[in-house]
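The structure appears below as C-alpha cells.
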2 protein chains.
Amino acid sequence: MQGPVQSSSTSVIRSSLIEPDGGVLIDLVVPESEREAKSVEAESLPKVWLTKIDVEWLHVISEGWASPLKGFMREDEYLQSLHFNSLRLKDGSFVNMSIPIVLAIDDETKERIGSSSDVGLVRPDGELIAILRSIQIYKHNKEERIARTWGTTAPGLPYAEEVITPAGNWLIGGDLEVLKPIKYNDGLDHYRLSPKQLRQEFDRRKTDAVFAFQLRNPVHNGHALLMNDTRKRLLEMGFKNPILLLHPLGGFTKADDVPLDVRMEQHSKVLEDGVLDPETTIVAIFPSPMHYAGPTEVQWHAKARINAGANFYIVGRDPAGMGHPTEKRDLYDPDHGKKVLSMAPGLEKLNILPFRVAAYDTVAKKMAFFDPSRAKEFLFISGTKMRTYARTGENPPEGFMCPGGWKVLVKYYESLQAEELTHQSAAVSS
Amino acid sequence: MQGPVQSSSTSVIRSSLIEPDGGVLIDLVVPESEREAKSVEAESLPKVWLTKIDVEWLHVISEGWASPLKGFMREDEYLQSLHFNSLRLKDGSFVNMSIPIVLAIDDETKERIGSSSDVGLVRPDGELIAILRSIQIYKHNKEERIARTWGTTAPGLPYAEEVITPAGNWLIGGDLEVLKPIKYNDGLDHYRLSPKQLRQEFDRRKTDAVFAFQLRNPVHNGHALLMNDTRKRLLEMGFKNPILLLHPLGGFTKADDVPLDVRMEQHSKVLEDGVLDPETTIVAIFPSPMHYAGPTEVQWHAKARINAGANFYIVGRDPAGMGHPTEKRDLYDPDHGKKVLSMAPGLEKLNILPFRVAAYDTVAKKMAFFDPSRAKEFLFISGTKMRTYARTGENPPEGFMCPGGWKVLVKYYESLQAEELTHQSAAVSS
C-alpha cells in the first residue's frame with residue numbers, strides 16, 4: 001500500500017506557510033536610519049486610509065503581539081484563523097491565531113491600487129505611517145467572518161456593527177514596515193509597553209513567573225483577592241518572585257464600557273490604596289481592540305500575553321463574553337472560554353489558572369471566595385450592577401472596592417449624567 | 001525568566017484528551033459471542049430513540065470512518081471540532097475532525113435518563129442497536145453550532161433546517177458499543193464496504209495508490225475524464241497500480257439531489273459502458289450524511305477516506321458547496337475548499353489532487369479540459385443544467401454522458417413527473 005515518495009514537482013497542493021519567529025519577537029518598526037528613505041518611497045505609493053481601529057491593529061502587529069504575523073493577514077492566514085484558530089508554520093508547528101487581523105478596503109481603493117505590489121498606509125489625521133509590501137487583495141465575506149468568529153450573526157455585536165459591517169468588501173494583506181512607533185498622545189502612552197519592553201522589565205525585576213490578568217473593567221476587591229491569591233499559590237508552587245501583569249485592554253470597547261482613561265485612573269488608585277502591591281505588579285496597556293467573541297477571543301488575549309513574556313494566564317467565568325444581543329441569555333456558555341483555551345492549538349505550554357469565584361461576603365463584609373455551604377450569605381455584584389451603583393450615586397457594600405477607586409467611577413458617571421442633561425436641555429431648547 | 005517545572009498536581013487546567021488509534025481502525029461492533037449478554041443489558045437501560053440520520057452517524061462511527069472517535073462526541077470533542085476542526089490526542093498529535101458528530105436529545109429524554117451512566121440506542125423501527133457508555137449530557141447551542149459549521153445562519157440550509165433545528169436542546173456523548181453491523185436492507189448493502197473491508201480490498205488488488213473521488217451527483221464524462229487522467233498522472237509519477245475509489249455519499253442529501261438508488265444504477269452503467277475501467281475502480285457507498293458545509297465539510301470527506309486507506313484525494317471547485325440560501329451567490333468562495341483542505345490540521349500527509357476544470361468542447365464534441373485560449377468553444381454544464389435537461393426530456397450534447405447512464409436519469413425524472421401529475425390530479429379531484 002505504500003507508494004513511491006512524491007517529489008515536490010507534482011501538482012499536489014501545499015499553500016505557502018509563514019516562518020516561525022524562533023522565539024524572537026517580530027518588530028516591524030523600521031530603524032531610524034531608514035525612516036527618511038522609506039517615507040519618501042511611501043509617498044510615491046497608492047494610499048490606503050486607515051480607521052482608528054485599523055491603526056490599533058497596526059500597532060498590535062508592529063510590536064509583535066501577534067508574532068510571527070508580519071502584517072495584515074493574507075488569505076491563507078485569514079482562512080486558517082477562521083477555520084482552525086491557528087496557523088501552521090513552515091516547520092510544521094502551530095501557533096494560535098484565533099481572531100482574523102485584517103485590513104478592509106472598499107472598491108474604489110482597490111481600483112486605485114491597481115497592480116501596485118506595495119501601498120502606503122495613512123492614519124485618520126493624514127499622517128503616512130507605514131508601507132504594506134507584497135500585498136494580496138481578496139474578498140471580505142463579512143457574513144462568514146462574523147459567523148465563524150462569534151458563532152452568531154445576530155444584529156447588535158459591537159465590533160461587527162461598528163467595524164465590520166461599515167468596512168469595504170475587500171481585505172488587503174501583506175508585510176508591514178512601520179515608519180515610527182505608534183503613539184496616541186493621550187497622556188497614556190507611557191503605559192503602552194511593547195512586548196519587548198515588558199520582557200525587559202520582567203528581566204530587570206528578575207521574576208521567575210509572570211501571571212497576566214486581562215481586563216476591560218474597573219478592578220474591584222474580588223479581582224484583587226484573586227490576583228493576590230494567585231501570587232500566593234505561585235509562591236507555594238516554588239516560584240521565588242511572581243509578578244502580576246495587570247493588563248487592561250486599550251483599543252476599541254463598546255459604548256457602555258468604562259473608557260480607558262477612567263480605568264487607568266481607577267487602576268492607579270487601587271495600587272495607591274495598597275489593594276495590589278506596586279512592588280510585584282506591572283500596570284501596562286494592551287493595545288488590542290476588543291471583539292467580545294468569548295471562547296474565540298480569549299485565545300487571542302492569552303496568546304498575545306505569552307508573546308509579551310507571561311507564562312501564567314488567569315481565566316474566569318465567561319471571558320471576553322457578553323449578553324446575547326437579541327436573546328435573554330449569555331452569548332457563550334460561561335465555561336466554554338476556559339475549556340476552549342485549555343485545548344487550543346499553539347497554547348499547549350501556557351499555564352492556565354482558573355478563577356475561583358469571588359463574591360461579597362455579607363457576614364465578613366468583604367470580597368471573599370464563594371463558599372457554597374453558606375451561599376445565602378454571599379452577594380454577587382456583576383459589572384452591570386456595579387455600573388448601576390455608580391450611576392445612581394448609591395454606594396456599593398463596604399469592602400467591595402477601595403474608596404479611592406470607587407470615587408473615580410462615581411466622578412465619571414456624574415460627568416456622564418451632566419453631559420446627558422446638557423444634551424437633553426439642548427434638545428428641549430432647539 | 002524560566003520558573004520551576006510545574007507538577008501535574010497543581011490546579012492548572014488540562015482537559016481530558018482521547019487516545020490515538022495507532023493506525024488501527026476503531027471497530028465498535030461487539031463480538032458475536034457478547035451480543036446476547038449486551039442486548040439483555042441494553043434492554044435494562046434508559047432508551048434514546050434515534051432518527052434515521054442519527055443511525056447514519058452511528059453507522060459512520062461504528063466502522064471507524066471517524067476513528068479515533070469512539071462514539072458520539074462529548075463536549076470536549078464537540079468544542080474542538082467547532083473551534084479548531086481538529087482534535088488533539090493524548091500523544092500531542094492532531095487528527096482532523098471538522099464536523100461535529102453529535103447526538104441530540106430533548107428535555108424529556110434527558111429527564112428520563114436521570115443519573116444513568118449508560119443508555120440504550122433504539123432505531124426508528126424500534127430495534128435496540130447499541131449502548132452508549134459513560135455518557136455526558138451538555139447543552140446544544142444550535143445557533144452557535146450552525147454559525148461555526150456553515151459560516152452563516154441564513155434560513156434554508158438543508159441539514160440545519162431538517163436535522164438541527166427540530167432536534168433537542170441537549171447533546172449526549174459517550175462510547176459506543178454497537179450490537180450488530182448496521183444494515184439498511186435496501187438492496188444496496190453490498191456496496192456499503194467498511195473502511196476495514198476497503199483496506200482489505202485494496203490489499204487484495206495489490207494497489208500502491210488509492211485515489212478517492214467523493215460525489216453525490218451522477219457521473220458525467222467530465223468527471224470520468226478527470227478520474228482517468230488522474231490515474232494516468234499517478235502512473236507517470238511511478239505508481240504501478242493506482243486504484244480509483246468511486247465513493248458516492250449514501251446518507252442524508254437535500255431533496256433535489258438525485259437519490260442514492262438512482263445514482264448507484266447510473267454509476268453501474270458508467271462502468272458497464274466502459275467509461276471507467278472496472279479493473280481499476282472500486283465503487284462503494286460512503287455512509288455519511290451530507291452537510292453542504294463547503295470548506296468545513298470537505299475536510300471530513302477527505303479524512304474519512306484516509307481512514308479507509310485512500311492516500312490521494314481529488315478536490316474540485318466549491319467542494320460540498322451550494323448556493324447561498326437567501327442571496328444570489330455561491331455560499332462559499334469556490335477556491336476556499338481546496339485552500340482550507342491543503343492547510344487543515346491532521347491532514348498534512350494527504351496528497352491533494354486539484355481538479356483541472358472539464359467542460360464540453362463544442363468542436364471536438366466531447367468533455368475535455370478547458371482551454372482558456374478558445375474559451376468560446378466550451379460549454380459549462382452545471383448539475384442544475386444537467387437536471388433541467390433530464391427533467392425536460394431534452395438530450396444533453398452528444399458525449400456529455402454515456403447513453404446508458406443518461407437513460408437512468410431520464411427514467412428517474414420521468415417517474416418524478418408522473419408522481420407529480422398523480423399528486424396534482426389527486427389534489428384536483430379531492
Side-chain angles (χ1 to χ4, degrees), chain A residues 1-4 6-7 10-15 17 75-76 79-80 82-86 88 92 94 98 139 141 143-144 147-148 150-154 199 202-203 207-210 233-234 237-239 295-296 309 311 315 332-333 336 338-345 348 351-354, chain B residues 1-4 6-7 10-15 17 75-76 79-80 82-86 88 92 94 98 139 141 143-144 147-148 150-154 199 202-203 207-210 233-234 237-239 295-296 309 311 315 332-333 336 338-345 348 351-354:
Chain A
M1 268 294 305
Q2 289 308 308
Q6 270 214 269
S7 82
T10 66
S11 60
V12 168
I13 306 177
R14 276 293 164 234
S15 293
L17 302 176
E75 194 177 35
D76 276 358
L79 289 173
Q80 290 181 81
L82 272 195
H83 288 274
F84 314 131
N85 286 8
S86 58
R88 189 161 72 213
F94 288 92
S98 62
K139 269 179 247 153
N141 185 329
E143 180 188 53
E144 185 175 3
R148 294 198 193 278
W150 279 271
T152 177
T153 57
R199 289 186 184 192
F202 300 144
D203 283 346
T207 176
D208 54 356
V210 176
R233 281 159 65 199
L234 290 171
M237 281 184 205
F239 292 97
T296 301
N311 38 18
V315 64
Y332 304 107
D333 181 306
H336 280 188
K338 64 168 174 275
K339 286 182 184 168
V340 167
L341 188 60
S342 75
M343 300 185 286
E348 291 80 1
N351 297 300
I352 301 164
L353 297 162
Chain B
M1 270 294 304
Q2 289 310 307
Q6 270 215 271
S7 83
T10 66
S11 60
V12 168
I13 306 178
R14 276 292 163 232
S15 292
L17 301 176
E75 193 177 37
D76 275 357
L79 289 173
Q80 291 181 81
L82 272 194
H83 287 274
F84 314 131
N85 287 8
S86 58
R88 188 162 71 212
F94 288 92
S98 62
K139 270 180 246 154
N141 184 329
E143 180 189 53
E144 183 175 5
R148 296 199 193 278
W150 280 270
T152 178
T153 56
R199 289 185 183 193
F202 299 144
D203 283 347
T207 177
D208 55 357
V210 176
R233 281 159 64 200
L234 290 171
M237 281 183 204
F239 291 98
T296 302
N311 37 19
V315 64
Y332 304 107
D333 181 306
H336 281 186
K338 64 169 174 275
K339 286 181 185 168
V340 167
L341 188 60
S342 74
M343 299 184 287
E348 291 80 1
N351 298 298
I352 301 164
L353 298 162

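Chain letters run A, B, ... following the sequence lines, proteins first, then strands; residues in each count from 1.
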* Atom pair CG/CG of A:Asp333 and B:Leu79 - distance to nearest 0.5 Å -> 8.0 Å
* Between chain B and each of A:Pro345, A:Gly92, A:Ser86, A:Pro295, count heavy-atom pairs under 4.5 Å; write down the option with the most. => A:Pro345
* To do: Would you mind reporting whether B:Tyr332 and A:Asn141 have side-chain heavy atoms less than 4.5 Å apart?
  => no
* Is A:Lys339 salt-bridged to B:Asp76, cutoff N-O under 4.0 Å? -> no
* Which heavy-atom pair separates A:Arg88 from B:Ala344 by the least distance, and what is that distance? -> NH1-O, 3.6 Å
* Option from B:Lys139, B:Glu75, B:Glu144 for which side-chain hydrogen bond (donor to acceptor under 3.5 Å, both in side chains) with A:His336 holds -> B:Glu75
* Qualifying residues under side-chain contact (heavy atoms from CB on, under 4.5 Å), relative to B:Thr296, sequence neighbours excluded -> A:His83, A:Arg148, B:Asn85, B:Ser98, B:Ile99, B:Thr149, B:Ala293
